[in-house]
Amino acid sequence: FVSLIILTVLALGYYRKLWWWVLVIGLHTSLLFSFSRAPWISYIISVWLYHGLSYSRKYTNRDLVKYLLGAVLLVAVMSLLSYFIASSFGDYELIGRTHSVKTRFIMWALAANSILENPLFGNGIYSFSEIYSFAPELVGSENHRSAWISNLPLAILNDTGAVGFFVFFTFIILVIRRSLTAVRKMAIDKHVDRYQVRVGAALVAFFLAMTFSSQTIPAHSIAIFWVCLALTERFTTLSRSLIKRT
């Protein structure tokens, strides 16, 4: 949620206002001290997507090559930073989240087993922690919250099977496709207000980042995901009238 607010503030771009800089610095600080790597990654992805979506001209082949190289570089930098953080601060649970990677692989293996048992219709919503109540013990935890899949596609397959997976991701892909088309049409239209383009790009970029980073799974971010999806769809609808007006 903080990432969405940061993107909106960046989209407004009031560089000459003191309050703007206070917001930018303060919000980035609050995101940094969340000590959670998934939101950091989501934010980096969303900023990259935001700039790509708000680009004011049609993409040429040369632009696409540059953007692809930028994506490769971004992945490389993030991988190096992840390795540096893990190797330097891995012993400190607050920053390194010791064994989190190992934990994910264990949970994913358990999820794969349960998916194979009921591949068509799944095991039921939030069934994983009930089926594998012993899972926290496998990773040295006594907290039942440790028993979660932390991977959106696997979670959907486990809960609803192939049928639910197809329905869910078909819906999500349709929303993403419509929103991408809408924001790009606005971006290349010289008559549309640039603030509207940038704020719309920020919203769509945040929604995409949440989807890619599987931040839809934790209970505290499910509502944010669906509210963001609704806002993205509403932006898609409103963008048509904005383009027609111009």
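Note that the numbering runs from 1 along the sequence shown for the chain.
Residue pairs meeting the salt bridge (charged side-chain N to carboxylate O under 4.0 Å, His left out) criterion with at least one member in residues 148-159, sequence neighbours excluded, do not occur. Listed by first then second residue, pairs satisfying salt bridge (charged side-chain N to carboxylate O under 4.0 Å, His left out) with a partner in residues 69-84 number zero, not counting sequence neighbours. Legend: salt bridge (charged side-chain N to carboxylate O under 4.0 Å, His left out) pairs involving residues 2-13, not counting sequence neighbours: none detected.
Across Val167, Leu174, Ile173, a single residue satisfies side-chain contact (heavy atoms from CB on, under 4.5 Å) together with Thr170, and that is Leu174.
Using cut-offs of 30° and 60° on the angle between ring planes, the pair Tyr43 and His28 is perpendicular.
Taking 4.5 Å as the limit, every side-chain heavy atom of Lys66 sits out of range of all side-chain heavy atoms of Tyr59. Side-chain contact between Arg198 and Met186 is absent, with no heavy-atom pair separated by less than 4.5 Å. The side-chain heavy atoms of Ser3 and Leu31, taken from C-beta on, include a pair separated by under 4.5 Å. A heavy-atom distance below 4.5 Å is not found between the side chains of Ser42 and Phe206.
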Compile the donor-acceptor pairs under 3.5 Å between side chains in residues 71-78 and protein atoms, sequence neighbours left out, one pair per line.
none

For residues 4-26, please give each side-chain donor-acceptor pair under 3.5 Å, one per line with the distance, not counting sequence neighbours.
residue, atom, partner, partner atom, Å
Thr8, OG1, Leu4, O, 2.9
Trp20, NE1, Val9, O, 2.7
Trp21, NE1, Tyr15, O, 2.5

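A donor-acceptor pair under 3.5 Å links the side-chain atoms of Ser30 to the main chain of Leu27, judged by distance alone. Distance alone, capped at 3.5 Å, places no donor-acceptor pair between the Arg178 side chain and the Thr237 backbone.
To the nearest 0.5 Å, atom CZ of residue Arg184 and atom OG of residue Ser239 are 13.0 Å apart. For the atom pair Leu157 CG and Leu120 CG, the distance stands at 11.0 Å (nearest 0.5 Å).
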- [ ] Could you give me the CA-CA distance, side-chain angles and deciding distance for Thr160 and Asn123, then say whether side chain to side chain contact (heavy atoms under 4.5 Å, CB included) is met?
- [x] CA-CA 7 Å; Thr160 63; Asn123 300 289; over 6 Å; no
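Within 6.0 Å of atom CZ in Arg177, 12 or fewer heavy atoms from other residues, nucleotides or ligands are found, so the atom counts as exposed in its surroundings.
Under the 6.0 Å cut-off for aromatic ring centres, Tyr132 and Phe134 qualify, their centroids lying closer than that.
A continuous path of ILVMFWY side-chain contacts below 4.5 Å connects Tyr50 to Tyr195, so both sit in one hydrophobic cluster.
In this view, Leu180 and Leu53, Ile176, Val204, Leu208 satisfy the side-chain contact (heavy atoms from CB on, under 4.5 Å) rule, not counting sequence neighbours.
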